[in-house]
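Below you'll find the structure, written out as C-alpha cells, and then a few comments.
Numbered from 1 within each chain, the chains take letters A, B, ... in sequence-line order.
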Amino acid sequence: MKYNALKGIQDILPPDVYIWQSIESTARSIFFKYGFREIKLPIIESTDIFTRGIGEATDIVEKEMYTFPDKADRSITLRPEGTAPAVRCYVENGLHNLPSPQKFFYTGPMFRYERPQKGRFRQFYQIGVEAFGVAQPTLDVELILMLRDFLEGIGLRELNFEVNSIGDEKCRPDYKAALMNFFGQNLDEFCPDCRRRYTTNPLRILDCKVERCIELRQGAPAVTDYLCGECREHFEGLIAGLRALGVRYTLNPNLVRGLDYYTRTTFEVTSEHLGAQKAVAAGGRYDKLIKEFGGPPTPAIGFAIGMERIVALLKEIAPAVEPEPKVFIATLGKEAEIEGFKIAGQVRAAGFWAEPNYGGASLKSQLRKADRLGAEFAFIIGENELKAGKIQWKGLKTGEQGEVEIRNITSLLTDNVKPSNP
RNA sequence: GUGGGCGUAGCUCAAAGGUAGAGUACUGGACUGUGGCUCCAGGCGUUGCGGGUUCGAUCCCCGUCGCCCACCCCA
C-alpha cells in the first residue's frame, strides 16, 4: 500500500524550510516595529463565518471550501482565508474596547478546493495582517509601507504595487449600473465567461484576459470616476500618502477583488517572475465587516501574503541552503563514545551544532560522514586522547589539525568560529 | 469544473512490441586511528493502478489515480 499526500497538499522539507523560517522571522521583526501583534487563530470555523463574511456568491464559498459536518452535525469549514476568522476573533473577544487601532498578524495554512497549478495549492500558507479601528487613509498607507518593508527585507525586488479604490455601498451600485450599461451595448461580442460575469459580477469583466474583451472594454467607465465624495477623499489621501513616503505604485482601475467584503482601498503586489498566479500579496479595506459580524461599526483593513509564492521567488534568487554542523565528533571505542557525548554537550553549550557518531564505525568512514555533512571541524577521540585528556581537532575545510585539552574546547571554538543559526 | 502534457530505481533519465539499464545518491570496503580523488561491492524495481489487443506490452488501446501547466478564480 502506497500512501500519498492529498492532491495539492505538500510536505515542506529542508532545506526549503529554512527559507520559510527566515521569512517568518523577518515578518515578526518588521511587523513588531509597526506595532502589529501576533495572534494564533483556529484553522477550522463554523461554516457561516465564511458564507457570511466572504459572500455567498463568491467562488470561494460556492465551490472552493472544505466543508464537513462534525460529529454533532454542525457544519464546519477549513478556513479558506484569514480575514473572516480574524474579524470573528475581534468581535468575540471584545477587542473594540481596547484603544484603536488594534493591529494583528497571524501565519498558517489556508484551504481551498481548487485544481492545483503553479503557485496554487489546496493547502497553502499565508501571513495575514489586519488592522481595526482607523478609517483614515494613513492606516492604508502604513500597511502598504510595512508590506514593502517586509518584501524588501526578505530580499525581493522588481515587484509591482497596484492600488485602486472600489468605493463603498453608496457609490459602487452607481458604478456597477454604469458598467452594465456600457457592456450591455455589445454583450454578445464578449467571451462566454464575460457574458456570465455580466450577471454574476460585472466588475470582473475588467480583468478578463481575452484579447477581444480587452478591446471591447476600452472606454469603459472607470471606478475612480464614480467614487462618492468621501470615497474620493479617502482615495486621494491614500495616493498623497504613498507619494509623500516614496512608495512606488501604479494605479490599476481594473483591480477588483473576488471577496465581497472589500470597500474602498484594494491593492495587490505582483511579480513577473511567477506563472499565471502572480500575486504575492493582496488586500484591502473592509469597513463594513465588523458590523456584519455583530460588532460596533468599525473600519478595518488587511492583507495576506502568499508564502509559497514568495518562497518560489526567493528560491529563484538563491537556492535554499542546508545548514552544516560545526563539529563532528568521531570516536573510537565505547569509552570514547561516552566521552564524545560529553564533549558534544560542551560544544552545544557554547552555541554550536555538534553532531556525534552513532555506534562503532571506522575512523575513515566517520570522517567521510563528517565531510559529507559539511562539518567545519572533526574532533577525534580515541584511547590515546582519553589517557591524555585531550582531543584531536581537524579543520575539514582547511586540512589543519592539532591537539587541544578537553577543558579548553569551548575557548578554542568561541575564539575561532562564528556561531551559526538555522 | 474544463483543456493540454507527463507517470520506469531515492533523484535525473535510457530501453520505440521480444518479459529493464545507466549516471548520481546512499552504505561498506581497498586504507585494522585521518575525509575530499580513485577503484571495488551492494537494488528480485508489482515499469502508478486496473482492464483490453497480442504468442508476447514499459512501449498500442480504454479506464482510473497522481503530478505538472493553463482556464475559471485567487495568496
Closest listed nucleotide, where the reference is the side chain of A/Gln126 and the choices are B/G33, B/A75, B/C74:
B/A75
Does A/Tyr198 have its ring centroid less than 6.0 Å away from the ring centroid of A/Phe190?
no
Using a heavy-atom cut-off of 4.0 Å across all strands, would you classify A/Glu114 as base, sugar-phosphate, or nothing?
base
Output every pair passing salt bridge (charged side-chain N to carboxylate O under 4.0 Å, His left out) with a member in residues 118-129 of chain A, not counting sequence neighbours, ordered by first then second residue.
A/Glu114-A/Arg120
Is it the case that atom CZ in A/Arg157 sees more than 12 heavy atoms from other parts of the structure closer than 6.0 Å?
yes
Of A/Gly382 and A/Lys278, whose nearest nucleotide on RNA chain B comes first from the 5' end?
A/Gly382
Any donor-acceptor N/O pair, A/Asn357 side chain to A/Gln366 backbone, under 3.5 Å:
no
Do you know which of A/Thr270, A/Thr250, A/Asn252 makes side-chain hydrogen bond (donor to acceptor under 3.5 Å, both in side chains) with A/Asn160?
A/Thr270
Using side-chain heavy atoms (C-beta onward) and a distance below 4.5 Å, is A/Ile391 in contact with A/Ile329?
no
Set out, line by line, the N/O atom pairs under 3.5 Å between protein and nucleotides 67-69 of chain B.
{"unit_1": "B/C67", "atom_1": "OP1", "unit_2": "A/Gly8", "atom_2": "N", "d": "3.3"}
{"unit_1": "B/C67", "atom_1": "OP2", "unit_2": "A/Lys7", "atom_2": "NZ", "d": "3.4"}
{"unit_1": "B/C69", "atom_1": "OP2", "unit_2": "A/Lys118", "atom_2": "N", "d": "2.8"}

Scan side-chain atoms only and decide if A/Thr263 and A/Asp168 contain a donor-acceptor pair under the 3.5 Å cut-off.
no
List the residues meeting ring pair (Phe, Tyr, Trp, His ring centres under 6.0 Å) with A/Tyr66, not counting sequence neighbours, and say none if there are none.
A/Tyr113
What I want to check is whether an N or O donor and acceptor connect the side chain of A/Gln401 with the base of B/U34 at under 3.5 Å.
yes
Quick one: are A/Glu215 and A/Arg212 in side-chain contact, heavy atoms under 4.5 Å?
yes
Report each atom pair, protein N/O against N/O of nucleotides 36-43 of chain B, whose distance is under 3.5 angstrom.
{"unit_1": "B/G36", "atom_1": "O4'", "unit_2": "A/Asp371", "atom_2": "OD2", "d": "3.2"}

Checking A/Leu179 against A/Tyr226 for the side-chain contact (heavy atoms from CB on, under 4.5 Å) test, could you report, in this order, the C-alpha distance in whole Å, the side-chain angles of both residues, the deciding distance, and whether it holds?
CA-CA 10 Å; A/Leu179 214 51; A/Tyr226 281 78; over 6 Å; no
In a table with atom names and distances, give each donor-acceptor pair under 3.5 Å that connects a side chain of residues 279-286 of chain A to protein atoms at least two apart or in another chain.
{"unit_1": "A/Arg285", "atom_1": "NE", "unit_2": "A/Asp140", "atom_2": "OD1", "d": "3.1"}
{"unit_1": "A/Arg285", "atom_1": "NE", "unit_2": "A/Asp140", "atom_2": "OD2", "d": "3.1"}
{"unit_1": "A/Arg285", "atom_1": "NE", "unit_2": "A/His234", "atom_2": "NE2", "d": "3.3"}
{"unit_1": "A/Arg285", "atom_1": "NH1", "unit_2": "A/Val134", "atom_2": "O", "d": "3.2"}
{"unit_1": "A/Arg285", "atom_1": "NH1", "unit_2": "A/Asp287", "atom_2": "OD1", "d": "2.9"}
{"unit_1": "A/Arg285", "atom_1": "NH2", "unit_2": "A/Val134", "atom_2": "O", "d": "3.0"}
{"unit_1": "A/Arg285", "atom_1": "NH2", "unit_2": "A/Ala135", "atom_2": "O", "d": "3.4"}
{"unit_1": "A/Arg285", "atom_1": "NH2", "unit_2": "A/Gln136", "atom_2": "O", "d": "3.3"}
{"unit_1": "A/Arg285", "atom_1": "NH2", "unit_2": "A/Asp140", "atom_2": "OD1", "d": "2.7"}
{"unit_1": "A/Tyr286", "atom_1": "OH", "unit_2": "A/Glu130", "atom_2": "OE1", "d": "2.5"}

Output row for RNA chain B, stems defined as at least 3 consecutive Watson-Crick or G-U pairs under 3.5 Å, is B:1-7 with B:65-71, B:10-13 with B:21-24, B:26-30 with B:38-42, B:48-52 with B:60-64
P spacing across the pair B/U47 / B/C11, given as an integer number of angstrom:
16 Å
Restricting to ring pair (Phe, Tyr, Trp, His ring centres under 6.0 Å), what partner residues turn up for A/Tyr125, sequence neighbours left out?
A/Trp20
Look at A/Arg368 together with A/Asp371 and state whether they make a salt bridge at an N to O cut-off of under 4.0 Å.
no
Quick note, salt bridge (charged side-chain N to carboxylate O under 4.0 Å, His left out) partners involving residues 40-52 of chain A, not counting sequence neighbours, are A/Glu38-A/Lys40, A/Glu45-A/Arg88, A/Arg52-A/Glu292
For A/Phe31, ring pair (Phe, Tyr, Trp, His ring centres under 6.0 Å) partners two or more places apart:
A/Phe105, A/Phe150
Applying ring pair (Phe, Tyr, Trp, His ring centres under 6.0 Å), name anything that partners A/Phe132, two or more places apart in sequence or on another chain.
A/Tyr90
Establish whether the base of B/G33 is bridged to the side chain of A/Glu385 by a donor-acceptor pair shorter than 3.5 Å.
yes
Rounded to whole Å, CZ of A/Phe105 lies from C1' of B/A75 at a distance of 18 Å
Compare the minimum distances between each of B/G35, B/A75, B/C73 and the side chain of A/Arg112, then state the nucleotide with the smallest one.
B/A75
Write down the distance between CZ (A/Arg120) and P (B/C71), rounded to a whole number of angstrom.
8 Å
Given B/A75, B/G28, B/G33, the nucleotide with the shortest approach to the side chain of A/Ser365
B/G28
What nitrogen or oxygen pairs link the protein and nucleotides 5-9 of chain B at under 3.5 Å?
none

For B/A15 versus B/A20, give the span between their P atoms, rounded off to a whole number of Å.
16 Å
Please report, rounded to the nearest Å, how far the P atom of B/G33 is from the CG atom of A/Asn357.
14 Å
Under 4.0 Å, heavy atom to any atom of RNA chain B: which of residues 188-198 of chain A qualify?
A/Asp193, A/Arg196, A/Arg197
For A/Glu62 and B/C74, what is the distance between atoms CD and P respectively, to the nearest whole Å?
11 Å
